[in-house]
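Nothing fancy with the numbering, it's 1 onward along the sequence.
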Amino acid sequence: MPIPRRALLATAVASVVAAASIAVVGSAEAATTLGASAAQTGRYFGVATGANRFSDTAYMTIVNREFNSLVAENDMKWDATEPQQGRFNYTNGDRLVSHAQSQGMSVRGHALLWHQQQPSWAQGMSGSALRNAAINHVTQVATHFRGKIYAWDVVNEAFADGGSGGRRDSNLQRTGNDWIEAAFRAARAADPGAKLCYNDYNTDGVNAKSTGIYNMVRDFKSRGVPIDCVGLQSHLGTTLDSTYQQNIQRFADLGVDVQITELDVAQGGNQANIFAAVTRACLAVARCTGITVWGVRDSDSWRTGENPLLFDNSGNKKAAYTSVLNALNAGGPTTPGSPSPSPSTSNPPVPGGCAAQVTLNSWNGGYTATVRVSAGSSAVSNWSVAVTVPSGGAVTSTWNATNSGTSGQVTFRNVSYNGQIAAGGFTEFGFQGTGTGPTATPTCTAG
Ligand code: XIL
């Protein structure tokens with residue numbers, strides 16, 4: 001049952017629409033899960049999990065209901081995937097990917113190279129032997145998962161804490177300062193479709209460490225080293241840096257996406273507020289494409305005793321959950337600018353008629369579609385859009401419209417607040433689906 005929109009938001013939207021004198025772009029009927037709500041602005045809301053959790057049915061009920069992206073908390077790390085040199089084990093990583101695909105969820109890959117959780121054979125190596133082993137690891141693992149990963153954390157936690165803004169000492173760093181770019185180049189060659197991220201913690205505002213990373217990303221972009229995104233882990237305490245959003249924005253301004261990759265927040269008076277503020281900061285930056293929380297229930301968290309997650313030990317939604325959901329639902333029409341979606345061709349709207357054009361944000365096994373419905377030279381008072389969903393896939397959620405059917409030919413109709421489109425104006429609705437997204441131009445019918 002739809003929850004009434006809050007008056008404040010409706011007023012804000014109405015005034016923006018009036019100022020722009022275009023058709024109503026309503027806020028969504030409030031979505032009731034984190035994934036569906038994030039999808040309304042083209043984003044994902046993910047969770048860290050592992051194949052060893054898949055038999056816990058209470059846990060999996062929450063995972064499958066709430067999230068539309070998964071990351072392996074441990075299953076894709078170096079020690080898990082290459083326990084002996086040259087002998088790879090993808091059993092648990094593959095299970096995670098298949099589960100995500102069966103649910104139409106995207107997958108973040110975490111992490112190709114890191115100074116922690118290295119297999120013991122690598123810990124004992126140095127110099128060119130280690131460099132070669134590390135690059136081989138990147139190549140093999142990224143090749144194995146090729147086409148299945150939305151974004152890879154190619155390098156994790158390579159910068160030092162404190163004021164230096166420089167690299168952390170590690171066996172990898174001692175192979176030469178260019179180890180990070182070598183890793184990114186190898187990852188691009190192995191899986192050209194994955195977004196390649198640098199991921200780190202204590203980067204929750206403009207500070208010496210995040211500035212060191214910023215300078216590296218700027219350098220990579222200027223020299224053509226392939227990098228597409230920066231992950232801000234966001235393992236947070238009881239306060240949030242006032243420059244949290246500004247920091248996201250400055251990375252976005254370099255031309256990379258930003259993702260909140262491991263969000264958890266110490267329980268305290270501010271927990272719900274901090275979760276909401278992080279969510280709002282991501283939604284405020286078009287290139288902030290998604291948020292992942294680092295576990296489901298407090299009892300699942302690596303931060304034992306800090307109760308830093310959105311569900312309590314019994315799987316009940318905490319206040320922090322509600323604050324995140326509300327922040328997502330208030331997100332407005334800020335669609336991420338990347339991956340750059342290419343709108344399908346659309347038939348020009350005829351007088352008295354309407355036209356629809358689809359923009360897809362796809363990953364292996366799923367997609368979100370944003371559909372723009374445009375009026376021709378006359379106003380439209382009600383509309384329906386017929387979309388052909390490719391076989392094998394199905395629509396799993398819809399916003400700003402209602403759908404009849406979920407597969408084959410699916411018809412979307414306006415909801416109460418977006419049926420009216422002024423002459424020359426447009427409105428947008430969206431849906432999420434499994435499989436591959438629709439490519440044929442949809443048919444729009446007015447009236
Ligand atoms: C943590 C996992 O949550 C634990 O289960 C594991 O024992 C240690 O690693 N930064 C990261 C994550 O990038 O991989 C870490 O995950 C948490 C800190």
For Phe429 and Trp383, run ring-ring contact (aromatic ring centres under 6.0 Å, His included): C-alpha distance rounded to whole Å, both residues' side-chain angles, the deciding distance at 0.1 Å, then the answer. CA-CA 12 Å; Phe429 71 93; Trp383 49 263; 5.4 Å; yes
Taking side chain as C-beta onward, heavy atoms only, is Lys148 less than 4.5 Å from Val107? no
Heavy-atom side-chain contact between Val285 and Val258 under 4.5 Å: no
Shortest non-hydrogen contact from Gln432 to Gly104? NE2-O, 3.6 Å
Would you say that His99 contacts Leu70 through its side chain, given a criterion of any heavy-atom pair below 4.5 Å between the two side chains? yes
Between Ser234 (side chain only) and Leu263 (backbone N and O only), is there a donor and an acceptor less than 3.5 Å apart? no
Is any side-chain heavy atom of Val71 closer than 4.5 Å to one of Val47? no
Atom pair CG (Leu232) and SG (Cys288), whose distance is rounded to the nearest 0.5 Å: 7.5 Å
Looking at Thr434 and Ala394, would you say the former's side chain and the latter's main chain have a donor-acceptor pair under 3.5 Å? yes
Please identify which of these residues, Thr292, Thr261, Asp153, meets the side-chain hydrogen bond (donor to acceptor under 3.5 Å, both in side chains) condition with Arg108. Asp153
Checking Glu181 now: which residues fulfil side-chain contact (heavy atoms from CB on, under 4.5 Å) with it, not counting sequence neighbours? Asp178, Arg185, Phe220, Arg223, Val225
Kindly indicate whether the side chain of Val63, heavy atoms from C-beta on, has any atom under 4.5 Å from the side chain of Val296. yes
Between Val395 and Val389, does a side-chain contact (heavy atoms from CB on, under 4.5 Å) hold up when you go through it step by step? CA-CA 8 Å; Val395 173; Val389 174; 3.9 Å; yes
Between Ser301 and Arg303: side-chain donor-acceptor atoms closer than 3.5 Å: no
About how many Å separate CG of Asp200 and CD1 of Ile213, when rounded to the nearest 0.5 Å? 4.0 Å
Which heavy atom of Ala272 sits nearest to which heavy atom of Ser323, and what is that distance? O-OG, 2.8 Å
Nearest 0.5 Å, what's the CZ-OG1 distance between Phe145 and Thr81? 7.5 Å
Do the side-chain N and O atoms of Gln116 and Asn156 include a donor-acceptor pair separated by under 3.5 angstrom? no
Would you say the side-chain atoms of Asn418 pair up with the backbone N or O of Ala401, donor to acceptor, closer than 3.5 Å? no
Evaluate the salt bridge (Lys or Arg N to Asp or Glu O under 4.0 Å) criterion for residues Asp312 and Lys318: first the C-alpha distance (whole Å), next the side-chain angles of each, then the deciding distance (0.1 Å), finally the verdict. CA-CA 6 Å; Asp312 71 16; Lys318 294 165 60 181; over 6 Å; no
Can you confirm whether Phe412 sits close enough to Val387 that some side-chain heavy atom of one is under 4.5 Å from a side-chain heavy atom of the other? yes
Return yes if some donor-acceptor pair links the side-chain N/O of Gln271 with the main-chain N/O of Val265 below 3.5 Å, else return no. yes
Do the ring centers of His144 and Phe88 come within less than 6.0 Å of each other? no
So do the side chains of His110 and Glu262 get within less than 4.5 Å of each other, counting heavy atoms only? yes
Whether Thr243 side chain and Val206 backbone form a donor-acceptor pair below 3.5 Å: yes
Less than 3.5 Å apart, any donor N or O on the side chain of Tyr44 or Thr368 sitting next to an acceptor on the other? no
Which pair of heavy atoms, one from Glu157 and one from Tyr198, lies closest together, and at what distance? C-OH, 3.7 Å
Are any side-chain N or O atoms of Ser210 and backbone N or O atoms of Gly205, one a donor and one an acceptor, separated by less than 3.5 Å? yes
At their closest point, which heavy atom of Ala31 faces which heavy atom of Gln40, and how far apart are they? CB-OE1, 3.8 Å
Under 4.0 Å between a side-chain nitrogen and a carboxylate oxygen: does that hold for Arg53 and Asp300? yes
Do the side chain of Asn270 and the main chain of Thr238 share a donor and acceptor less than 3.5 angstrom apart? yes
Testing the 3.5 Å rule here: is there a donor-acceptor pair between the side chains of Glu82 and Asn89? no
I'd like to know if the side chain of His235 pairs up with that of Asp204 as donor and acceptor (distance under 3.5 Å, no hydrogens or angles considered). no
Spell out, as yes or no, whether a donor-acceptor pair under 3.5 Å connects the side chain of Glu66 to the backbone of Leu34. yes
Reported CZ-to-CG distance for the pair Phe45 and Leu325, which is rounded to 0.5 angstrom: 9.5 Å
Supply the atom-to-atom distance Trp302 CH2 to Glu73 CD, rounded to the nearest 0.5 angstrom. 9.0 Å
Could you verify whether a donor N or O on one side chain and an acceptor N or O on the other, from Thr211 and Arg250, lie under 3.5 Å apart? yes
Under 3.5 Å side-chain donor-acceptor pair for Tyr59 and Thr49: yes
Check whether any side-chain N or O of Thr33 sits under 3.5 Å from a backbone N or O of Ala36 as a donor-acceptor pair, and report yes or no. yes
Taken to the nearest 0.5 Å, the spacing of His137 NE2 from Leu113 CG works out to 6.5 Å
Does any part of the side chain of Lys209, heavy atoms only, come nearer than 4.5 Å to the side chain of Tyr201, both counted from C-beta? yes
Please check if the side chain of Asn68 supplies one atom and the backbone of Ser106 the other of a donor-acceptor pair under 3.5 Å. no
For the residue pair Gln420 and Ser381, confirm or rule out a side-chain donor-acceptor distance under 3.5 Å. no
Do the side-chain N and O atoms of Asp298 and Asn313 include a donor-acceptor pair separated by under 3.5 angstrom? no
